[in-house]
Undergrad: 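I have a structure I would like to understand better, so I am pasting it below and will then ask my questions one at a time.
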Amino acid sequence: MSQAKKGLFDWYFKSNLLVRIMIGLILGAIVGGVLAATTAPGEKIKILPYIVPFGDAFIRLLKMIIVPVVFFTLVVGTSSIQPSRLGRVGVKIMAYYLITTFMAAIIGLILALIARPGMGVNLSVGTGEVKLAANKPISQVILELIPENVFGAFTNNGMILQVIFFALMVGVALAFLRDSKDARIKNAAETVYAFFDGFSEAMYLVVRWIMQYAPIGVFALMVNVFALNGPKVAGPLISVVIVVYVGLVIQAVFVYGGFLTVNKMNPFGFFKKARSPMLTAFVTRSSGGTLPITMKTADNMGVSRGVYSFTLPLGATINMDGTTIYQAVCAVFIANAVGSPLTFSQMVMVVVVCVLASIGTAGVPGAGAIMLLMVLESVGLKVETGSVIAAAYAMIFGIDALLDMGRTCINVTGDLVGTTVVAKSENEFDVEKYNAYTGADIA
Ligand code: ASP
């Protein structure tokens, strides 16, 4: 066999994935729209049952991967924090990360409640109605964060919060053991850590494979949505994009601007200096991938290495303010689109779950969209194959690249602002170096 031989599916696998997903979305919308236009109202569209399973397969694949991704990523993320470094800087940066993420969730939720994206869409997929989990009092919801049986939490769909709770405990425990003075314990903990690390990498490889199928899955889901609903569903998607981006700008200007101003730094001067990592994050859609540039920029900005070498990798793993805004907005959109707007206690849940989801989202492209599934399940919007919720989710998924660019940019900006603010408050910051840096180069 000659090496130059071209694979049968090179045109597919070697082309840009994002472009393919967009094509899947647009083609699906067109085919669905044509089917809708050429079928008399009330008449069954005969070809649909053959297309729908391709979309269902995609939803099943995503659901398959969510528990392992969340569990392994969270354990690795939390166990990477050295307890010995959890001194003043650690406490301050954790507080900053949590507060800004919490604010992001509130901003996303309030904006979505004002703009009400998805309201009146009345999405239909031709089968059953929306399945909602029973509404529970908040106290019960909090109590149920604690699993009675860990393995039950893993096997029971919708118990993802229990998985997160357990993963955080395992991660922190592992972090302490990795720091142990006892060589035997330390070694054992490192082995377990390496296992989790390897497994989370493997899970992300599986995610990448699933993504290769995404264009086909999105196509099939879109055909179904547009065939049954007509083109009226395109408008709400545009409103989701606008609401998310407005939220991202508010987070940057008011939340980060506020923190910077309180610390006597000009926000716009700061954003100008930070433009390299911000732009890199925007185009790569990965906080993890942007990390080297974020670190170099922090260095150029005069932040001491001792601070940023700890706070930035931590931020790229657990601090995702842009993702939080996106998830809150999309949760409201999907609830509206399926005709069951969120109740007050579901909104409280959205805030709590989005903050947790931010911790559990890996800094890689598209991770936030997978975590959105978790947010939906936790507020009782069950993403079952063939359900109207799965269809609404697929609509959002189709435009994920667009949303991912903006949210990743804000994720990275948030890490850098927190790092600078904490460094300044700890006198680990060289003001002259900061003032001299223009942001023009990151060399
Ligand atoms: N792409 C984002 C990041 O790397 C995560 C996400 O998908 O929300 O920060």
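Just so you know, ligand 1 is whichever comes first in the structure, and atom 1 is the first atom listed for that ligand. All values derive from a computational prediction rather than experimental measurement. This chain uses plain numbering: 1 for the first residue, then up along the sequence.
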Undergrad: Checking side-chain hydrogen bond (donor to acceptor under 3.5 Å, both in side chains) between Arg285 and each of Asp404, Thr408, Asn411, which is the one that passes?
TA: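 That would be Asp404; it is the only one of Asp404, Thr408, Asn411 passing the side-chain hydrogen bond (donor to acceptor under 3.5 Å, both in side chains) with Arg285.
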Undergrad: Using a strict 4.0 Å cut-off to heavy atoms of Asn411, name the atoms of ligand 1 that fall inside it.
TA: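 Per the distance check, 2 (C), 3 (C), 9 (O).
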Undergrad: Starting from atom 1 (N) of ligand 1, which protein heavy atom do you reach first, and at what distance in Å?
TA: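 Here the nearest protein heavy atom works out to Asp404 OD1, 2.8 Å.
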Undergrad: Any nitrogen or oxygen of Ala369, side chain or backbone, less than 3.5 Å from one on ligand 1?
TA: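 In this structure, Ala369 places no N or O atom under 3.5 Å from an N or O of ligand 1.
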Undergrad: What is the closest protein heavy atom to atom 2 (C) of ligand 1, and at what distance does it sit?
TA: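 Result for atom 2 (C) of ligand 1: Thr408 OG1, 3.2 Å.
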Undergrad: Run the salt-bridge test on Asp321 and Arg407 with the 4.0 Å N-O cut-off and return the result as yes or no.
TA: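 No.
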Undergrad: With no hydrogens and no angle check, just 3.5 Å: does a side-chain donor-acceptor pair link Lys273 and Thr297?
TA: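 No, Thr297 and Lys273 have no side-chain donor paired with an acceptor closer than 3.5 Å.
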Undergrad: The test is side chain to side chain contact (heavy atoms under 4.5 Å, CB included); show your working for Arg20 and Gln212 and say whether it passes.
TA: CA-CA 9 Å; Arg20 268 184 285 143; Gln212 290 299 333; 3.1 Å; yes
Undergrad: Of the choices Ala357, Ser287, Ala281, which has the non-hydrogen atom that lies closest to atom 3 (C) of ligand 1?
TA: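 Shortest heavy-atom distance from atom 3 (C) of ligand 1: Ser287.
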Undergrad: Show which atoms of ligand 1 fall inside a sub-4.0 Å distance from at least one heavy-atom site of Pro365.
TA: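 Every atom of ligand 1 under 4.0 Å from some heavy atom of Pro365: 1 (N).
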Undergrad: Check ligand 1 against Arg407 and write out every atom of the ligand that is under 4.0 Å from a heavy-atom position of the residue.
TA: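 Per the distance check, 6 (C), 7 (O), 8 (O).
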Undergrad: Does any N or O of ligand 1 fall below 3.5 Å from an N or O anywhere on Gly368, backbone included?
TA: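 Indeed, backbone or side chain, Gly368 has an N or O that close.
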Undergrad: In plain terms, say whether Lys424 and Asp430 are close enough for a salt bridge, that is, a side-chain N and a carboxylate O under 4.0 Å apart.
TA: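 No salt bridge links Lys424 with Asp430.
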Undergrad: Going by the atom numbers of ligand 1, which of them fall below 4.0 Å from some non-hydrogen atom of Thr323?
TA: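 What qualifies from ligand 1 is 5 (C), 6 (C), 8 (O).
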Undergrad: Does Met371 approach ligand 1 within less than 4.0 angstrom via side chain, backbone, both or neither, non-hydrogen atoms only?
TA: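 Contact part for Met371 vs ligand 1: neither.
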Undergrad: Quick one: are the ring centres of Phe54 and Phe58 less than 6.0 Å apart?
TA: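 Aromatic pair excluded; centres sit 6.0 Å or further apart.
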Undergrad: Using a 4.0 Å cut-off to any heavy atom of Arg285, which atoms of ligand 1 qualify?
TA: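 With Arg285 as reference, the close atoms of ligand 1 come out as 1 (N), 4 (O).
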Undergrad: Heavy atoms only, cut-off 4.0 Å: how does Val364 contact ligand 1, side chain, backbone, both, or neither?
TA: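 Looking at Val364 and ligand 1, just backbone atoms fall under 4.0 Å.
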Undergrad: Examine the side chains of Thr101 and Asn319 and answer whether a donor and an acceptor come within less than 3.5 Å of each other.
TA: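 Side-chain D/A pair, Thr101 to Asn319: present.
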Undergrad: Check residues 350-360 and write down every donor-acceptor pair under 3.5 Å in which the side-chain atom is one partner and the other belongs to a residue at least two apart or another chain.
TA:
unit_1	atom_1	unit_2	atom_2	d
Ser358	OG	Ile318	O	3.2
Ser358	OG	Met320	N	3.2

